[in-house]
Amino acid sequence: AFGVDDMSDIDTVLGGLRGRVTRLPKLFVSPFFRDLNKQTLNDWESSTPVNEGLIFHHQLQPSSCQYREGEEYCVLHHIQNGSYGDVFCVEDKRTGFKCAAKRIPVSHFSSEEVSTWSALNSPRVVELFGAVREGLNIVLFMNLKPACLAQLLKEMNSLPEDLALHYLHQSLGALEHLHHRKVLHLDIKVDNVLLSADCRDTFLCDFGLSETLDDNGWSTNAFRGAAFPGTETHMAPEVARGDRLCAKADVWSSCCMLLHMLNGCHPWIRYYSHPLCLQIVNEPPPLWEVPSNCNNFTAKVFRAGLQKDPERRASAKELRRKTTKALRAVGGLSPWSVKSACEKLQS
Ligand SMILES: Oc1ccc(F)cc1Nc1nc(-c2ccncc2)cs1
């Protein structure tokens with residue numbers, strides 16, 4: 001870590017990053033992130049564009065306390081638009097090391113993206129490599145993955161039931177880990193699920209909208225009001241109502257993602273126009289969107305995950321068990337489904 005003035009932060013920062021600390025104390029948000037909220041933009045413009053940050057990957061090498069675009073790393077190409085920021089493939093010019101990077105204007109940066117993500121340590125969650133402030137931008141570095149579920153779905157229009165259930169199963173595994181670590185993702189969708197080269201493994205990313213849960217499992221973020229920046233079609237009823245949130249909100253979104261994978265289109269939009277939040281609050285859950293030819297055990301997954309009352313809705317752990325049963329009922333993940341997905345992405 002460089003640019004952190006009080007060296008005592010280092011242990012907390014690094015300890016927390018290695019998952020030794022389940023709930024990172026606010027201290028993790030090292031001074032310059034903490035100050036972000038206090039400093040107004042004009043302070044920044046007047047102050048010299050300080051470059052400082054936390055780098056956790058040995059192959060990202062700041063030099064003389066600097067790690068900035070052009071000097072130490074260069075942008076190779078644009079990958080996609082993440083939440084509040086464009087995602088690029090970048091290369092560290094010293095080491096040739098490539099990774100993904102998202103540049104976020106300070107005005108849109110939430111320190112929760114770093115503090116929640118760095119408390120995680122799961123093979124189903126993409127690794128955060130570092131966070132650097134470059135003047136009026138924050139740049140987050142993460143492990144580069146070859147593909148994204150959104151790209152695959154676009155190529156295939158819709159996914160076979162076994163493959164969709166397999167991806168849901170892995171995503172629910174990531175959610176189990178997050179919720180156990182008191183992190184709410186709040187933007188579960190195919191755009192934020194990355195894929196391994198063989199299309200067999202998934203990795204959850206983009207914690208730009210994530211929030212931390214208190215010891216009673218409620219989000220610690222103040223009332224956000226109606227303007228929720230998440231993906232409207234995947235929004236749980238309690239989110240649309242502006243109620244305080246718990247982990248079950250991610251479970252609802254994971255079932256919207258399953259509908260998206262099976263139907264090839266988002267739920268609600270074939271029947272309603274925007275704004276959808278009124279429909280999501282007043283209409284019954286979109287079970288009519290479940291494909292008629294899907295297995296009865298898959299229908300059970302939807303009935304358990306699309307309960308409007310978060311209390312009655314299945315947890316990530318419970319829904320993952322039901323998804324395991326549904327996968328078994330459809331004969332398990334077929335190697336042909338994975339192979340055809342992989343070929344589609346190569347083309
Ligand atoms: O929140 C972030 C913080 C740092 C990053 F580098 C990226 C993201 N967000 C996303 N990255 C992707 C993506 C990455 C790599 N390959 C394909 C897609 C999709 S959304």
Side-chain angles (χ1 to χ4, degrees), residues 17 29 33 36 53-57 59-60 67-69 72-92 97-120 122-134 137-155 167 170-171 174-175 178 183-212 229-231 234 250 253 257 260 341-342 344-346:
L17 293 178
V29 183
F33 278 125
L36 287 188
L54 300 168
I55 300 274
F56 329 119
H57 196 286
Q59 284 186 282
L60 291 179
Y67 196 84
R68 64 170 67 230
E69 183 184 351
E72 274 71 38
Y73 73 88
C74 62
V75 172
L76 296 180
H77 59 83
H78 178 266
I79 294 179
Q80 84 175 37
N81 303 336
S83 62
Y84 288 135
D86 278 354
V87 181
F88 300 90
C89 175
V90 299
E91 181 178 28
D92 184 306
F97 181 72
K98 290 192 179 91
C99 62
K102 180 169 85 169
R103 185 185 295 135
I104 313 156
V106 160
S107 50
H108 282 95
F109 178 69
S110 145
S111 59
E112 298 256 43
E113 178 158 11
V114 175
S115 54
T116 53
W117 191 356
S118 56
L120 305 176
S122 156
R124 299 278 66 85
V125 176
V126 184
E127 207 183 331
L128 173 65
F129 286 164
V132 165
R133 170 159 76 101
E134 276 178 12
N137 285 322
I138 300 288
V139 181
L140 300 181
F141 297 93
M142 66 170 235
N143 195 353
L144 182 65
K145 293 298 176 186
C148 167
L149 186 46
Q151 287 164 281
L152 176 64
L153 188 54
K154 199 164 157 221
E155 293 292 331
Y167 290 153
Q170 290 208 350
S171 302
L175 286 182
L178 261 71
V183 173
L184 196 46
H185 186 276
L186 284 181
D187 201 12
I188 297 298
K189 56 181 178 179
V190 291
D191 310 72
N192 292 336
V193 175
L194 307 185
L195 290 174
S196 55
D198 64 5
C199 286
R200 182 172 286 275
D201 289 318
T202 62
F203 311 90
L204 186 58
C205 78
D206 209 315
F207 291 77
L209 301 180
S210 65
E211 298 179 3
T212 37
T231 307
H234 288 39
D250 283 338
S253 302
M257 183 170 78
H260 187 191
C342 200
K344 274 279 177 184
L345 271 184
Q346 310 299 346

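Order of appearance sets the numbers: ligands from 1, and atoms from 1 within every ligand. All residue numbers in this chain count up from 1 along the given sequence.
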* Structure fact -> Residues at least two apart in sequence or cross-chain that pass side-chain contact (heavy atoms from CB on, under 4.5 Å) with E72, listed by chain then number, are S63, Q66, Y67, R68, R94

* Contacts of V139 that satisfy side-chain contact (heavy atoms from CB on, under 4.5 Å) - sequence neighbours left out -> Y73, A101, R103, E134, F141

* To do: Please list, by chain and number, the protein residues whose heavy atoms come under 4.0 Å of ligand 1.
  => I79, Q80, V87, A100, A101, K102, E113, W117, L140, M142, K145, D191, N192, L194, C205, D206

Within the side chain of [X], is there an N or O that forms a donor-acceptor pair under 3.5 Å with the backbone of [Y]?
X: R124; Y: T202; result: yes
X: D86; Y: N81; result: no
X: D92; Y: F97; result: no

* **For D206, all residues meeting salt bridge (charged side-chain N to carboxylate O under 4.0 Å, His left out), sequence neighbours excluded** => K102

